[in-house]
Enquirer: 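One structure, as structure tokens, below. Some questions next.
Bear in mind the structure is a predicted one, so any value in this text is a computation, not a measurement.
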Amino acid sequence: MEEVPLEARRSPVLESEAGSSAETVITIGSPDAMQELGRRLAGLLRPGDLVLLTGELGAGKTTLTRGLGEGLGVRGAVTSPTFVIARVHPSLADGPPLVHVDAYRLGGLDEMEDLDLDVSLPESVVVVEWGDGKVEELSDDRLHVVIARAVGHEEVLDDVRRVSLRGVGARWSAGAGLEALAGALPQ
């Protein structure tokens, strides 16, 4: 696997959401590094965790989720669930299943309720792409991951991404190890 330098920093969160922790920002240099970040993040996740992924088309949301699936040891190829809306990947070991949702075409929580995510959330790790403003009511504790293309000197740097991780709620109030993610990745 390609070794890519990553840098991380923590910054205060401007929103005053109850139970928010500081934001951890990691610079990712390639799709392989994004997938590795997902594998490392999987080590922090447990049943009942809700992860919201935000980023433009092609930002790396599914690549990160593929790494999560590898790290969680789930069955099946993790691909974008755009046309099927949701996929469940059962664990191959004793870990939680991964529920991967693409909420891009869904209007809000009413349509999300049809997926019964609230039923599977307690025993699964639920990852929702395009979930901001649609699924927050599912859990007081959630991890918001925002992936943005990096810009340098008026140009977009093709493979470089800025990944911001911000936990909300008691589960994430102390950061839950998010700040160590970049340090655990190959330099």
Enquirer: Using distance alone, with no hydrogens and no angle criterion, decide if Arg87 and His89 have a side-chain donor and acceptor under 3.5 Å apart.
Expert: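 Not at all, the side chains of Arg87 and His89 share no donor-acceptor pair under 3.5 Å.
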
Enquirer: Ser164: which residues meet the side-chain contact (heavy atoms from CB on, under 4.5 Å) condition with it, sequence neighbours left out?
Expert: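 Result, side-chain contact (heavy atoms from CB on, under 4.5 Å) vs Ser164: Glu23, Val25, Val146, Arg162.
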
Enquirer: Apply the test side-chain contact (heavy atoms from CB on, under 4.5 Å) to residues Leu37 and Leu181: give CA-CA distance (whole Å), side-chain angles for both, the deciding distance (0.1 Å), then the verdict.
Expert: CA-CA 7 Å; Leu37 176 61; Leu181 285 174; 4.1 Å; yes

Enquirer: Do you know which two heavy atoms are closest between Leu45 and Trp172, and how far apart they sit?
Expert: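 That closest heavy-atom pairing would be CD2-CH2, 3.9 Å.
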
Enquirer: Hey, what do you get for CZ (Arg40) to CG (Leu68), rounding to the nearest 0.5 Å?
Expert: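 One gets 13.0 Å once the value is rounded to the nearest 0.5 Å.
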
Enquirer: Using every non-hydrogen atom in the two residues, find where His100 and Val78 come nearest and quote the distance to one decimal.
Expert: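 Heavy atoms of His100 and Val78 come nearest at ND1-CG1, 3.7 Å.
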
Enquirer: Taking Arg142 for its side chain and Ser139 for its backbone only, find out whether a donor-acceptor pair lies under 3.5 Å.
Expert: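 Confirmed, Arg142 side chain pairs with Ser139 backbone.
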
Enquirer: Provide the closest heavy-atom pair for Gly29 versus Asp159 in the form atom of the first, atom of the second, distance.
Expert: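 The pair with the smallest heavy-atom distance is O-CB, 3.5 Å.
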
Enquirer: Could you check whether any side-chain heavy atom of Leu53 comes within less than 4.5 Å of a side-chain heavy atom of Trp130, counting everything from C-beta outward?
Expert: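 In short, these two side chains do not touch, never coming nearer than 4.5 Å.
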
Enquirer: What residue pairs, at least two apart or across chains, pass salt bridge (Lys or Arg N to Asp or Glu O under 4.0 Å) with a residue in residues 58-73?
Expert: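 Sorted result for residues 58-73: Arg39-Glu70.
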
Enquirer: Do Val128 and Val51 make a side-chain contact, defined as non-hydrogen atoms from C-beta onward lying under 4.5 Å apart?
Expert: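 No, side chains not in contact.
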
Enquirer: With a 4.0 Å cut-off, would you call Arg149 and Glu56 a salt bridge?
Expert: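 Looking at Glu56 together with Arg149, the answer is yes, because their closest N to O distance falls below 4.0 Å.
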
Enquirer: Are any non-hydrogen side-chain atoms of Ile28 and Val160 less than 4.5 angstrom apart?
Expert: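 The answer is no; the side chains never approach within 4.5 Å.
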
Enquirer: Would you give the length of the straight line joining atom OG1 of Thr63 to atom CG of Asp32, rounded to the nearest 0.5 angstrom?
Expert: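 Thr63 atom OG1 to Asp32 atom CG measures 9.5 Å (nearest 0.5 Å).
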
Enquirer: Scan side-chain atoms only and decide if Asp132 and Thr54 contain a donor-acceptor pair under the 3.5 Å cut-off.
Expert: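 Yes, because at least one side-chain N or O of Asp132 sits under 3.5 Å from a partner of the opposite role on Thr54.
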
Enquirer: Could you tell me whether the side chain of Asp140 and the main chain of Gly169 form a donor-acceptor pair under 3.5 Å?
Expert: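 Looks like no, no N/O pair under 3.5 Å.
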
Enquirer: Leu178 and Gly167: which non-hydrogen atoms are nearest, and at how many Å?
Expert: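 Leu178 and Gly167 have their closest heavy atoms at CD1-N, 4.3 Å.
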
Enquirer: Distance check, rounded to the nearest 0.5 Å: Ser91 atom OG versus Glu123 atom CD?
Expert: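 That separation rounds to 12.5 Å.
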
Enquirer: Heavy atoms, side chains only, cut-off 4.5 Å: are Ile26 and Leu165 in contact?
Expert: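 Ile26 reaches Leu165 side chain to side chain.
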
Enquirer: Test Leu64 against Val145 for side-chain contact (heavy atoms from CB on, under 4.5 Å), laying out the working first.
Expert: CA-CA 10 Å; Leu64 179 72; Val145 179; 3.9 Å; yes

Enquirer: Can you find a pair of side-chain heavy atoms, one from Val163 and one from Thr24, that are under 4.5 Å apart?
Expert: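 The answer is no; the side chains never approach within 4.5 Å.
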
Enquirer: Decide yes or no for Pro96 and Leu72: does some side-chain heavy atom of the first lie under 4.5 Å from some side-chain heavy atom of the second?
Expert: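 Yes, side chains in contact.
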
Enquirer: In the structure I gave you, are the side-chain heavy atoms of Asp49 and Val127 within less than 4.5 Å of one another anywhere?
Expert: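 Asp49 vs Val127: side chains apart.
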
Enquirer: Do you know the tightest heavy-atom contact between Ile147 and Met34?
Expert: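 Closest heavy-atom pair between Ile147 and Met34: CG2-CE, 3.7 Å.
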
Enquirer: So, do Ser124 and Leu98 sit near enough that their side-chain heavy atoms are less than 4.5 Å apart?
Expert: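 Heavy-atom side-chain distance check fails, nothing below 4.5 Å.
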
Enquirer: Backbone N or O of Ala170 within a donor-acceptor pair of the Asp141 side chain at under 3.5 Å?
Expert: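 Yes; at least one donor-acceptor contact below 3.5 Å.
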
